[in-house]
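What follows is a short report on a single structure.
Start at 1 with the first residue, then count along the sequence. Everything numeric in this text was worked out from a predicted model, so none of it was measured.
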Amino acid sequence: MSDTRGGLRGWAAGRKGGLSRLRFTSLRLRLVVVFGLVALTAAVSASGIAYWLNREAVLTRAQDAVLRDFRQEMQNRAGALPAHPTQDELQRTAGQMAASSQSFSVLLVGQDAHGKTVYGNSGGINGFSLEDVPTSLRTAVNRQQEVSDTNKQPYHLYWQRVVDHGTPYLVAGTRVIGGGPTGYMAKSLEPEAKDLDSLAWSLGIATGLALIGAALLAQAAATTVLKPVHRLGVAARRLGEGKLDTRLRVSGTDELADLSRTFNNAAEALEKRVADMAARDDASRRFVADMSHELRTPLTAITAVTEVLEEELDSDAGSMDPMIEPAVRLVVSETRRLNNLVENLMEVTRFDAGTARLVLDDVDVADQITACIDARAWLDAVELDAERGIHARLDPRRLDVILANLIGNALKHGGSPVRVSVREAADSVVIQVRDHGPGIPEDVLPHVFDRFYKASASRPRSEGSGLGLSIAMENAHIHGGEITAANSPEGGAVFTLRLPRDASELTEDPGENGENGKAGEKEEKKDGNATQGKEGR
């Protein structure tokens, strides 16, 4: 059974490869077809003209020889007969005339002394007869014409080609001038027809050979022309795959060589441009990462001071001067906002640098959502529609970040109650977060996951950093999932999170969760309070 399946797979792969080669050689096939059609047209035209010219030449030469001999025999032998010959005389003369070098059949028709029509046939009783002569030819032979300066004789020699039972014949007739019998001749043209058939076969074979030769020449020409094009296509595919060091070997000075040089110049310019952009991108990421790390030290001290100030504000002693209390509250809120922004920037930097790693664990999705809501005191504002027992292998911390951003964004911009529902799909878990607000404007929907995007340009300062939904999307992507945003027909916005049941299937390197995984886990735990930010719409 396995051999049969292997054979079927091999047959399918071979068929696919043949179709691929056919698609690749479509230009080659067109060149061969065009060359073949041109060669076929030229060969058929030349063969047709040659056949027609040879046919006329062969038939005219044979016809002229026969008619000349027949005219000579009519003058010499039939002209020597009396005006009213007997049948025996006609029979004997017809036999003598048929014995000429052209070997044609002869029929002589005359009137004897009693006015009776008598016949002389060179072939005997079953030979050439008057019924074998076309009526139009007999009429023309017996028609007496007026003698004039341009027409010296009242009767002329007429001929006609006929086909009898597939065999071509030359039939001719004339009358003896000055009185005497009327003579008819029939000559078979079968030898000439066979010669013409042989010529037609020869020309057909020559046409076929010319067609084959043209196809071979077209194949050779197509190979010569398309081989550089094929190399160019392969190089372009490699360039599209990111192998920017791809270059073509240039030889010659023709147009294809110029095309190869142009490709090499373009590839070199592209490689340089991409290298410059990558260097600038790396420098930008390093700057953001270094800036974020440098800001964390003073922020830690500032945060500690603001916490003391906040406790002082919340105390009942009332020692805070009422004049500076608004300023202190502004410092506390802005410090908290700045701290969240730095944490978000560090998270974005890890995604851009490709150092973000998953720390997977078996998670009960309902319990995880409940913990996220409870940790942020959202129990009264969020309705949860999720059954326990829906398990998935995910990164709990990153799932918490996604949920915190989606639910927090819905509470801030959509209004409560926010409904969170969970359902199972074939190989994934689907979480929907729906609010009861005004929804998302249609022109904003395509940009809700863009970094630093805020729907209201007139409110550049807001509690959100503009990174929350972007980080949520990145966390979904690293799991192999996706987040979509839409407006519900009943009103409000709906964010749909789709995550695979087992994110470990996406891991390319089994050791990725080894040492690197442990290091990533330590770093993630260190930044565990990141991203509760709310995205502006």
Any chance you could measure [X], atom [atom1], to [Y], atom [atom2], to the nearest 0.5 Å?
X	Y	atom1	atom2	answer
Q87	Y119	CD	OH	10.0 Å
Q432	L406	CD	CG	11.5 Å
N54	L199	CG	CG	5.0 Å
M473	N475	CE	CG	11.0 Å
L108	L90	CG	CG	5.5 Å
D64	L170	CG	CG	9.5 Å

Considering non-hydrogen atoms only, spot the tightest contact between [X] and [Y] and give its length.
X	Y	answer
T93	A78	CG2-N, 4.1 Å
F263	T246	CE2-O, 4.3 Å
M74	G183	CE-N, 3.6 Å
P134	V171	CD-CG1, 4.2 Å
S122	Q91	N-NE2, 4.5 Å
A172	L67	CB-CD2, 3.5 Å

Q.
Does Q63 form a side-chain hydrogen bond (donor to acceptor under 3.5 Å, both in side chains) with R161? I'd like the steps, not just the answer.
A. CA-CA 10 Å; Q63 173 182 296; R161 294 174 190 166; 3.1 Å; yes
Give a yes or no answer on whether the side chain of [X] reaches the backbone of [Y] with a donor-acceptor pair at less than 3.5 Å.
X	Y	value
R398	R357	yes
E89	T86	yes
D132	S129	yes
D112	P85	no
H477	E482	no

Q) Which one of V106, L130, N121 satisfies the side chain to side chain contact (heavy atoms under 4.5 Å, CB included) criterion with Y184? A)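 The side chain to side chain contact (heavy atoms under 4.5 Å, CB included) with Y184 is passed solely by L130 among V106, L130, N121.
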**Q.** From CA spacing to verdict: side-chain contact (heavy atoms from CB on, under 4.5 Å), E490, R434
**A.** CA-CA 10 Å; E490 292 81 12; R434 178 190 169 191; 3.1 Å; yes
(Q) Considering only residues two or more places apart or on different chains, which pairs with a residue in residues 264-278 satisfy salt bridge (Lys or Arg N to Asp or Glu O under 4.0 Å)? (A)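 Listed by first then second residue: R247-E271, K272-D276.
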Q: Apply side-chain contact (heavy atoms from CB on, under 4.5 Å) to the pair V44 and T207, showing each step before the final yes or no.
A: CA-CA 6 Å; V44 168; T207 300; 4.0 Å; yes
Could you check if a side-chain atom of [X] sits within less than 4.5 angstrom of a side-chain atom of [Y], using non-hydrogen atoms only?
X	Y	result
L157	F70	yes
S188	E190	yes
L399	L499	yes
L137	W159	no
V118	Q111	no
T496	V430	yes
K187	S105	no
T139	Y158	no

Q) Step by step, would you call L497 with V433 a side-chain contact (heavy atoms from CB on, under 4.5 Å)? A) CA-CA 8 Å; L497 168 66; V433 178; over 6 Å; no
Side-chain donor-acceptor contact under 3.5 Å, [X] with [Y]:
X	Y	answer
S100	D69	yes
R68	Q102	no
S148	E146	no

(Q) Out of the candidates N264, D258, N265, only one should pair with R261 under the side-chain hydrogen bond (donor to acceptor under 3.5 Å, both in side chains) rule; please name it. (A)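 With R261 as partner, side-chain hydrogen bond (donor to acceptor under 3.5 Å, both in side chains) holds for just one option, D258.
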(Q) Does V234 form a side-chain contact (heavy atoms from CB on, under 4.5 Å) with L232? I'd like the steps, not just the answer. (A) CA-CA 5 Å; V234 172; L232 180 62; over 6 Å; no
**Q.** Pair E424 + R501: basic N to acidic O under 4.0 Å
**A.**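 The answer is yes: the pair qualifies as a salt bridge.
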